[in-house]
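Each remark here refers to the structure printed beneath this line.
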Amino acid sequence: MFSRCLFCHKPFPSNGSFLHLPAGRKIAYDPGRGRLWIICDRCQRWNLYPLEDRAEALWALERLARDRGRLLARTENVSLLEAGRLVLIRVGEAGLAEQAWWRYGRELRKRRTSYESRFSRVMSYAYGGVAYLGESLGLADVGLNVTWDDTPLADIVRWRRFGWAAWRGRVRCPYCDSVLRALLYDLSWWIYPLTSEDGKLAVGIPCARCDPWTPEKVYRLEGTEAVSVLRRALAYQHVAGASERVIRDAAREIESAGSPDEYAREVGEERASLWKLGTTRTVALEIAVNEGAERDMLQLEVRVLEQMWEKEEELARIMDEDLTPPGPLSRHLRRLPPRPAAKTPRVSS
């Protein structure tokens, strides 16, 4: 086993979790072709693992991906998975179910633990006390509005983490032609998740000058701007995290819809405000929206990995078939049919 990158000579970090391949935290492998690479964290080059040491490692990697792997992104040829401290790049079809909302469930539980900790309470009340003193002296920040008789801890924690505005910009109301320049977090409870004509996520912000408020009389945000505003608003709502029961119920909501994207689309078609959706459904919506945003970023990464794999596969074929002395594994590799030409990457939803 080699422990350094063949190109930049930097030592591979220990992963501490995979006995058959203890060095390297990003591993690429092709079980069909018998290829195995360690990807250097520094130069991102693919280091082909010695042929004689691959068999057991490939079998163990396939078992690890099946039992503990979590699918992050996938193209027609490459799947990106996470298994503990390892990042696995599997060449070929992957049959693992996409259950990305589990990761966000853990994040919501962490928020709840942090919110209920003694340190968080002490720091928040100290911050609130300073703000109250400043208010009595006429020096208070106008963006901080603490309801001392109801939920002062939540108000203070939200202010410390998010500030006062979820969005700043310029958008016009299609009915009264008024202009919105900022969305206050205090009003974010009343925004409408919507579905645009092309099926993408949009956000409607009720117009204060139009009476009554309806899903039609709104300032409308679309595209990445809408996703960003909705993620901020939902994180603001769920600053205290969620209980295990709520997280399980939210996961079932997404499962019944079929996928996170389908759930977000269904919620958008209901044209209901976040307040009317209730806690369980807004938790499910936060999970679905975050999963979609992260998947978009991972799609870019997996496309690059697809291109890198095509180059490294050609080099690996030359090394395995032309430069390897005769042996059982080399004879097996030579009997394999040639891989068809790679198609244009198509990322699954």
Side-chain angles (χ1 to χ4, degrees), residues 1 5 12-49 53-107 110 251 254-255 258-261 287-313 316 339 342-349:
M1 184 200 73
C5 176
F12 295 123
S14 173
N15 54 58
S17 59
F18 191 59
L19 298 179
H20 295 277
L21 200 64
R25 294 180 183 172
K26 184 178 287 188
I27 299 172
Y29 70 103
D30 183 345
R33 293 288 173 188
R35 312 276 198 252
L36 176 60
W37 298 269
I38 300 178
I39 301 177
C40 178
D41 291 340
R42 180 180 178 182
C43 66
Q44 299 301 314
R45 296 296 297 272
W46 291 34
N47 296 260
L48 186 63
Y49 204 67
D53 297 330
R54 291 183 204 166
E56 290 186 2
L58 285 170
W59 178 84
L61 281 169
E62 193 74 333
R63 182 175 180 180
L64 179 66
R66 183 194 65 204
D67 295 343
R68 296 175 54 195
R70 179 169 54 81
L71 183 63
L72 300 178
R74 180 170 58 199
T75 67
E76 192 168 356
N77 295 303
V78 174
S79 298
L80 184 64
L81 306 103
E82 183 181 65
R85 299 177 61 186
L86 287 175
V87 174
L88 304 181
I89 300 162
R90 187 188 188 279
V91 178
E93 292 296 328
L96 300 175
E98 187 174 4
Q99 297 176 334
W101 52 84
W102 288 355
R103 177 172 66 260
Y104 297 104
R106 290 195 294 269
E107 171 63 25
K110 285 173 59 179
I254 298 174
E255 288 177 322
S259 71
D261 287 341
I287 293 171
V289 173
N290 282 335
E291 193 278 335
E294 182 169 310
R295 189 184 62 248
D296 290 342
M297 292 186 291
L298 288 170
Q299 286 173 354
L300 298 176
E301 180 178 349
V302 79
R303 289 177 190 273
V304 174
L305 291 172
E306 176 100 13
Q307 296 173 359
M308 295 176 65
W309 160 72
E310 291 175 2
K311 297 178 181 179
E312 296 297 335
E313 163 61 22
R339 179 181 292 276
K343 301 178 182 179
T344 303
R346 177 173 55 84
V347 178
S348 66
S349 58

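On a predicted model such as this, the values are computed, not experimentally measured, just so you know. Side chains included, hydrogens not; waters and symmetry mates left out as well; all remaining heavy atoms used.
- In terms of the salt bridge (Lys or Arg N to Asp or Glu O under 4.0 Å) criterion, Arg42 has no residue partners (sequence neighbours excluded).
- By the side chain to side chain contact (heavy atoms under 4.5 Å, CB included) test, Ile89 pairs with Lys26, Ala28, Ile39, Trp46, Val78, Leu80, Leu305, sequence neighbours left out.
- Nearest heavy-atom pair, Pro31 versus Arg90, reported as atom, atom and distance to 0.1 Å: CG-NH2, 3.5 Å.
- Residues Gly24 and Leu86 share a closest heavy-atom pair of O-CD2, 3.5 Å.
- Considering CE of Met308 and CD of Gln44, their distance stands at 6.5 Å, rounded to 0.5 Å.
- The shortest non-hydrogen separation linking Arg85 to Asn15 is NH1-O, 3.4 Å.
- Put simply, CG on Leu21 and CD1 on Ile27 are 4.0 Å apart, with the number rounded to the nearest 0.5 Å.
- Judged by distance alone, with hydrogens and angles left aside, the side-chain atoms of Asn47 form a donor-acceptor pair with the main-chain N or O of Ile38 at under 3.5 Å.
- What you find for Phe12 and Ala23 is that their closest heavy atoms are CB-CB, 3.8 Å.
- Formation of a donor-acceptor pair under 3.5 Å by the Asp41 side chain with backbone atoms of Arg25 is not found in this model.
- A distance of 11.5 Å separates CZ of Arg63 from CZ of Arg68, quoted to the nearest 0.5 Å.
- Of all the heavy atoms in Leu88 and Ala83, the pair that sits closest is CD1-CB, 4.2 Å.
- Under the side chain to side chain contact (heavy atoms under 4.5 Å, CB included) criterion, Glu56 pairs with His20, not counting sequence neighbours.
- To the nearest 0.5 Å, the span separating CZ on Arg54 from OH on Tyr29 amounts to 14.5 Å.
- Minimum heavy-atom separation, Ala316 to Trp37: CB-CZ2, 3.9 Å.
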